[in-house]
Structures are given as structure tokens and as C-alpha cells.
Amino acid sequence: MISDFVIPEFIFREFFLWLLVQSEMKAGSFELGGEYVSFRVEDQLKLEGEGDVRQTDLRKGVPSISQEARSSLRNGKLPTRMRVRLVTGGDEYIFVMDTKLMELRGVKMPVVPLSEAELKMEQRIFHLSQIYRMLELLFNQFASLRLDAEKWGAQVKEINQWLLEEPS
Amino acid sequence: MGFLKGSLGIKRYFIENQDVFSKNRDTVVEKLLRYQFRSIESAAVEEAVGWVSPFRSYDPALKVEDTFLDSNLFLAMRIDKKTVSRLLLESKVHQFLDSGSSLTTGKQELKKLKEDIHQELLTKALPEPRIIEGVIDLPHSTLYLNTASHRSSGLFLSLFEKTFDILPVHIDPTAFAYLTLKEDSKLQALANAEESCFHDI
């Protein structure tokens with residue numbers, strides 16, 4: 001599984017920005033592999049500029065739609081950490097993810113109403129793998145756009161347009 | 001909170017060769033027992049690391065039924081750490097010197113005295129235990145580690161490597177992209193991509 005390439009961190013920052021804007025424009029709805037999932041950024045959004053020196057931490061509510069978030073994005077900062085509420089197949093997941101390590105923190109999963117450890121563990125692992133499966137499908141969708149100059153150009157235009165709009 | 005309850009902080013690793021886990025389950029537990037946790041209470045030891053039962057953190061007697069949960073391998077590493085406060089150490093050293101029981105004057109003698117008192121205090125200090133849990137999803141060759149701490153994950157991986165002669169590969173952002181895209185050409189294109197401009201508009 002060793003790769004000869006290193007994907008620069010800005011790719012993941014752009015991925016987060018794409019997720020953020022798409023989720024705002026489509027009311028959180030994404031079509032992934034034939035199913036609709038809800039992906040919303042809530043309560044926590046960290047934006048960083050070059051050199052990690054300048055950063056903005058937004059907490060509580062829906063930070064992505066705040067004036068401060070758009071203003072930071074317009075000033076060249078990109079999302080590096082966000083708290084996500086993901087709903088798929090009736091199951092709800094909440095977690096914080098970051099661009100530096102792509103690790104998950106504060107992961108909350110549906111309660112497993114089972115007392116037997118073996119079955120409970122099976123369910124918890126299933127839920128964890130569901131989160132990663134969704135993230136992989138989202139990244140796949142982003143990467144196919146990102147690697148198509150024409151399609152990505154249109155996405156950038158759309159994102160820049162969204163950045164100019166006043167939050168409702 | 002443990003793996004079976006509450007919120008999690010997850011680091012993900014890929015296990016490239018998991019032959020060791022597909023063999024006899026007793027063999028896996030035997031390997032874990034070789035590095036089972038050993039208490040450092042009453043010992044002049046600062047830190048101890050070892051495997052315990054995931055269901056009984058006080059119990060280093062691991063059993064197959066606690067470790068293998070269907071297709072998952074459930075591991076719990078216990079870290080016990082003892083600390084001696086600097087203030088207490090200094091105070092004990094001064095107390096000893098003021099009592100006149102020793103004529104310690106040189107730097108080396110003072111250093112030796114400090115070390116001796118430190119060792120003595122360590123035997124009396126109570127350890128602070130922590131449990132780091134990991135689950136190997138065997139069908140997907142994935143290790144999930146429930147910790148946000150880099151030091152703890154480092155200790156876990158080091159113990160894992162000593163136990164099984166395998167070092168799991170951290171699924172960092174590049175590995176995440178690799179697992180997702182599965183094509184070198186796409187990875188290379190992403191690696192060479194230029195940054196987009198979303199500002200100064």
C-alpha cells in the first residue's frame with residue numbers, strides 16, 4: 001500500500017471547501033453510489049491561511065453560512081477542520097475531521113441496543129466503516145471533478161460565486 | 001469511553017500481512033500473553049505497558065473469547081505511569097541533607113542521592129493507569145485505534161510490532177486517497193495538481 005506520491009494538504013483543504021459549499025448549495029444532499037446522504041457542517045469550522053499562521057475558529061450553530069466564514073474564505077483561508085453531521089440510510093453520525101491527518105475525533109454513532117459484546121462490536125465496526133465508505137465516495141466524486149480541468153473550472157466558478165453571495 | 005460505548009477518536013491503519021491472525025486463535029493469544037501487562041505497584045519503575053483483557057483492565061490473563069469477537073480482534077493495551085513531583089523530591093533531598101545523616105557535598109554525590117530518593121519515592125507512588133483500545137476488522141485488514149494521542153498510538157504500535165512482528169501502516173491523507181482512488185495515474189495527477197484560486201475575486 002506504499003505510494004510513490006504524496007498528495008499535498010491543499011488538495012484536502014479544497015476537498016473540504018468543495019464539501020462545505022456543495023452542502024450549502026444543495027441543502028446537504030449528496031448522491032453517492034445511487035443513494036442520497038445528508039452531509040452538513042455544524043458547530044465547528046476551522047479555516048487556515050498559508051503557513052498555518054492565520055486561522056479562524058468558528059463554533060456553534062452553522063458556521064459555514066456565517067459572514068465570518070465567507071469573509072475568511074474570500075481572504076484566502078481554507079477549511080482544515082470541521083464537525084460534520086452525516087445521515088445515511090437512517091443512521092446519523094457526528095464527527096470532527098481534519099485535513100492534516102484525515103483522522104476522526106468525537107465520533108458519535110447510532111446507539112447499538114445490544115448487550116452481547118460480540119454483536120455490539122460488529123455493529124460499531126460496521127458504523128465506523130460506513131463513515132469511511134461515505135468519505136471515500138465523497139472524495140472519489142471530488143477527485144473526478146478535480147482531475148477534469150473543464151469540470152473543475154466550472155466548480156471553482158460556482159464556489160467563487162457562492163463566496164460573493166450574502167449569507168441568507 | 002471504550003470502544004463499545006460512547007464517542008471515539010479514531011486513527012486508522014492498514015495491516016498488509018495478517019497471516020498471523022488467520023492461524024490458530026490460541027497462538028494469537030499466546031503471543032499477546034508474552035507481552036501481557038505487569039503491575040508496577042511497589043516497584044521503582046516509571047512506566048509499564050502491556051496487554052490486558054479488553055473487558056477487565058485489571059486482568060492480564062487474556063482469553064480467546066475476550067479477544068476474538070466474531071471477525072474482529074479486540075485488543076486493550078494498559079499504560080501505567082508513575083510520577084514523582086519535583087517539589088516532593090527536592091523537599092526530601094533537603095530534609096535528608098538537613099538531618100545531617102550524610103555529608104554529601106560533591107555534585108556527583110548529590111546527583112546519586114537524588115536518584116536514590118527518586119527511586120525510593122517511585123516505589124511508594126501510585127500508578128495512573130490508561131487503556132488504549134484497538135480493534136482489527138479482519139475481513140478488511142484494518143486496525144482502528146481509539147485514541148487521539150500520538151504518544152499513546154506510538155506505544156500501541158510499538159507493542160503491536162513486538163507482539164506480532166507486523167507494523168500497521170497509518171492511513172494518512174495520501175493513503176486515504178490511495179485506498180479511495182486505487183489508481184496510480186490519478187494519484188500522480190493529484191500529487192502534481194496546482195492549487196486553485198478561490199480568493200482575490
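Because the structure is a prediction, the values reported are computed rather than measured. These values consider heavy atoms only, across backbone and side chains, with no hydrogens, waters or symmetry-generated copies. Residue numbers start from 1 in every chain, and the chains themselves are labelled A, B, ... in the order their sequence lines are given, proteins ahead of strands.
- Counting heavy atoms from C-beta outward, A:I125 and B:Y144 have side chains that approach closer than 4.5 Å.
- When atom types are taken as modelled, the side chain of A:E14 and the backbone of B:S196 share a donor-acceptor pair closer than 3.5 angstrom.
- Comparing A:R105, A:M121, A:M102 by heavy-atom pairs within less than 4.5 Å of chain B, the highest count is held by A:M121.
- Closest non-hydrogen pair, B:T174 versus A:F5, comes out as CG2-O, 3.1 Å.
- Ring geometry, B:F176 versus A:F15: the interplanar angle falls from 30° to 60°, so the pair is classed tilted.
- For A:T99, the part lying under 4.5 angstrom from a heavy atom of chain B is the backbone only.
- Between the CG atom of B:L190 and the CZ atom of A:F12 there is a distance of 7.5 Å, given to the nearest 0.5 Å.
- Closest non-hydrogen pair, A:N160 versus B:C197, comes out as ND2-O, 3.5 Å.
- With a 4.5 Å cut-off on non-hydrogen atoms, A:L78 touches chain B through its side chain but not through its backbone.
- Inter-residue side-chain proximity for A:F142 and B:T180 is flagged as unmet; no heavy-atom pair is nearer than 4.5 Å.
- When B:D66, B:D172, B:L69 are compared by the number of non-hydrogen pairs under 4.5 Å with chain A, B:L69 comes out ahead.
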**OP:** Starting from the C-alpha separation in whole Å, work towards a yes-or-no answer on side-chain contact (heavy atoms from CB on, under 4.5 Å) for B:F198 and A:L73.
**Re:** CA-CA 7 Å; B:F198 299 103; A:L73 290 164; over 6 Å; no
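- Without hydrogens or angle criteria, B:S7 side chain to A:K108 main chain gives no donor-acceptor distance under 3.5 Å.
- We find the OH-CD1 distance between A:Y132 and B:I10 to be 6.0 Å, quoted to the nearest 0.5 Å.
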Original post:
Going through the checks in order, is the side-chain contact (heavy atoms from CB on, under 4.5 Å) test met by B:L8 and A:R124?
Top reply: CA-CA 10 Å; B:L8 307 169; A:R124 299 272 283 179; 3.7 Å; yes
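- Contacts of B:T142 with chain A are absent, with no heavy-atom separation under 4.5 Å from either backbone or side chain.
- Using a 4.0 Å cut-off between a side-chain N of Lys or Arg and a carboxylate O of Asp or Glu, B:R12 and A:E136 qualify as a salt bridge.
- When every heavy atom of A:E122 is checked against every heavy atom of B:D70, the shortest pair comes out as OE1-OD2, 3.4 Å.
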Original post:
Going through the distances and angles, do B:F3 and A:L128 end up as a side-chain contact (heavy atoms from CB on, under 4.5 Å)?
Top reply: CA-CA 11 Å; B:F3 223 106; A:L128 259 185; 4.1 Å; yes
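- Going from atom CD of A:E103 over to atom NE2 of B:H170 covers 4.0 Å, rounded to the nearest 0.5 Å.
- For B:E183, no part lies near chain A; criterion is any non-hydrogen pair under 4.5 Å.
- Taken to the nearest 0.5 Å, the CD1 atom of B:I171 stands 13.0 Å off from the CG atom of A:L101.
- Nearest heavy-atom pair, B:A189 versus A:L147, reported as atom, atom and distance to 0.1 Å: CB-CD2, 3.5 Å.
- Within residues 84-95 of chain A, no residue approaches chain B closer than 4.5 Å by heavy atoms.
- The two residues A:R146 and B:E194 make their nearest non-hydrogen contact at NH2-O, 2.6 Å.
- Of the listed residues B:P173, B:P54, B:A193, B:A148, the one with more heavy-atom pairs under 4.5 angstrom with chain A than any other is B:P173.
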